[in-house]
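Worksheet: one structure, shown below.
Proteins come first, then strands; the chains are lettered A, B, ... in the order of their sequence lines, and each starts at number 1.
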Number of protein chains: 2
Amino acid sequence: MALGKDYAQQHCSIARALEVVGERWTLLIVRDAFYGVRRYKDFLVHLGIPRAVLAARLQSLEQAGVLEKRRYQQAPPRDEYVLTDAGAALWPTLFSLGTWASGHLEGMDVPRSFLHAACGSELGAYGQCPACGDVVTAGDVVLAPRPGLDPNPGNPVSRALLEPHRLLTPLDVDR
Amino acid sequence: MALGKDYAQQHCSIARALEVVGERWTLLIVRDAFYGVRRYKDFLVHLGIPRAVLAARLQSLEQAGVLEKRRYQQAPPRDEYVLTDAGAALWPTLFSLGTWASGHLEGMDVPRSFLHAACGSELGAYGQCPACGDVVTAGDVVLAPRPGLDPNPGNPVSRALLEPHRLLTPLDVDR
DNA sequence: ACCATAGGTTCAATGAACGAACTCATGCGA
DNA sequence: TCGCATGAGTTCGTTCATTGAACCTATGGT
C-alpha cells in the first residue's frame, strides 16, 4: 500500500506492523473480526466504510496473513473472512488501545466491557484477569454491553452485539 | 482531523483511540517520543516525514493531551515535545504492536529489543519481565540495538540510538 | 420474467500527503 | 555590521488515497 514506501525504510517492528494494520479502517475491520463479524455485508453496514475500501483492506489483510478468506457456501458462492492465529494475536494491541482510550481520553463513557469468560470479572491492565490472575487470550474474552449503549441501533450487527458475545465466535446477525 | 467524521459515530473506545493516534505517521511520532526524540528537527530527520505533516501531527497530539510542548530555551525560542502521562500510557499498545510484528510477520528480523532496566532480561508478552514477573512500565524499559542493525546510519538520531537507551529519557543527538 | 441479495468493480470529485521553496527570528564569525 | 547558518515552521502545486454513487455478475425466490 501507500505506507510502505516510507515505512519500510524504518527497519523497526512497530513500523512494519503499521505497514500492515496502520491504514485507515484496517484496525476497525480487525476489531469487528474479533467481535465475530465475518461477512462483507456485515463489515459494510457496521463500519459505514466505502465498499471499495473494504474490498481493498480485506484483500491486503488476507495477503498479510491476518484474515483467512474461506468459502462457507457453494451456491451461490459465499466467502467469509476469519482471523488467522496471527490475526488473533493482535488482541493485546487492540485491547490496550481500547483501555488507553477509556482511561485517558476526555469525555469517554465506556460503552462495552471485556470480561473473562471463565469467571466473569472485568479484565484489567494488560488483559489480565484480576480474579484469576491469568492473562486472558481473545478466545476467553466475552464482550458485554454496558448501560448507555444505544438500545435500538439501526443495523443488525450492532443489534446482535447488544447481547454478551464471546470474541472470535461468529455473530448471529440474522437474529 | 480526517478520521473523525466517520469514527466518532462508532461509540467504541478503540475507534476513539484511533481518532487520536490512528492517522498516518502519528504512532511513529509517539514511538520516537518514547525513544527520547523531543525536537522538531529530530523527528523530521529520523522519520523522513514531510514538514507540514509533522507540524500538524505534533499540534493534534498536543491538543489530545498525548504530547506536551514546552519551551526549553528562551533565546532563540525553542520548544520540545514530551510525552505526558497519558501519552506514556500508550506504551503497552506500542509494545504489543511491535511484539506482534516480530512474531507474526514474514521476514522480520528484529532490529532492537526491549529490556527490563532493573534486571536486563528481555520483555515478554504484554510487557512483562519473565525474570521478575513484573509488568514493566515505559520508564523502566531499555531499548537495546541488536546485531543486524545498520552500524552507520545516515542521520544523527539513528546514530544516537545505536547505544542502549532508557525510554522516555532525552536522547543526546548532538553526540 | 422479475426482483432481491451478496460481493464486488468503476469512476468522477474531494481531500490528504508529498516535497520543494519560502519565511522569520535569532546567533555567530569575519 | 554584513552575511551566513540554524530551528521551526508555512505555503503551494502535484500526486495519491478516500469517498459515495452507480454499475456489474451470479444466484435464488415467487
* Residues in contact with DNA chain C, drawn from residues 73-81 of chain B - heavy-atom cutoff 4.0 Å -> A75(B), P76(B), P77(B)
* Donor-acceptor pair under 3.5 Å: do we get one between R51(A)'s side chain and the base of dG20(D)? -> no
* Asked: Starting at the 5' end of DNA chain D and moving along, which residue's nearest nucleotide shows up first, Y40(B) or A52(A)?
  -> Y40(B)
Going by atom type alone, with no hydrogens or angles, which donor-acceptor pairs under 3.5 Å involve a side-chain atom of residues 134-148 of chain B and a protein atom two or more places apart or on another chain?
unit_1, atom_1, unit_2, atom_2, d
D140(B), OD1, R166(B), NH1, 3.4
R146(B), NE, V110(B), O, 3.1

* To do: Figure out the CZ/C1' separation between R71(A) and dG8(C), and round it to whole Å.
  => 13 Å
* Asked: Roughly, in whole Å, what's the span from CG in L58(A) to C1' in dG7(C)?
  -> 10 Å
* Between dA17(D) atom P and E23(B) atom CD, what is the distance in whole Å? -> 16 Å
* K69(A)/E80(A) salt bridge by N-O under 4.0 Å criterion -> no
* **d(CD, Q59(B); C1', dG9(D)) in whole Å** => 11 Å
* Asked: Does dC18(C) have OP1 or OP2 sitting under 4.0 Å from an N or O in the side chain of W25(B)?
  -> yes
* Asked: side chain to side chain contact (heavy atoms under 4.5 Å, CB included) with L83(A): which of L90(A), V66(A), L61(A)?
  -> V66(A)
* Asked: Once you round it to whole Å, what is the distance between C1' of dG7(D) and NZ of K69(B)?
  -> 12 Å
* Asked: Run the ring pair (Phe, Tyr, Trp, His ring centres under 6.0 Å) check on F43(B) and W25(B) step by step: do they pass?
  -> CA-CA 11 Å; F43(B) 285 109; W25(B) 295 112; over 10 Å; no
* Protein-nucleotide distance (N155(A), atom CG; dA6(C), atom P), rounded to Å -> 14 Å
* Distance, rounded to the nearest Å, where L44(B) contributes CG and dT10(D) contributes C1' -> 14 Å
* Asked: How do A55(B) and P50(A) order along DNA chain D: which one's closest nucleotide is nearer the 5' end?
  -> A55(B)
* Find the distance between CZ (F95(B)) and OG1 (T99(B)) and round it off to the nearest 0.5 Å. => 3.5 Å
* Asked: Got R112(B) and L161(B) here, is their nearest side-chain heavy-atom distance under 4.5 Å?
  -> yes
* Asked: Under 4.0 Å between a side-chain N/O of K41(B) and OP1 or OP2 of dA8(D), yes or no?
  -> no
* Y72(B) side chain: which of dT19(D), dA8(D), dA6(C) is closest? -> dA8(D)
* Euclidean distance, atom CD1 of residue I49(A) to atom C1' of dG8(C) [Å, nearest integer] -> 14 Å
* Asked: Are the side chain of H165(B) and the backbone N or O of T169(B) linked by a donor-acceptor pair below 3.5 Å?
  -> yes
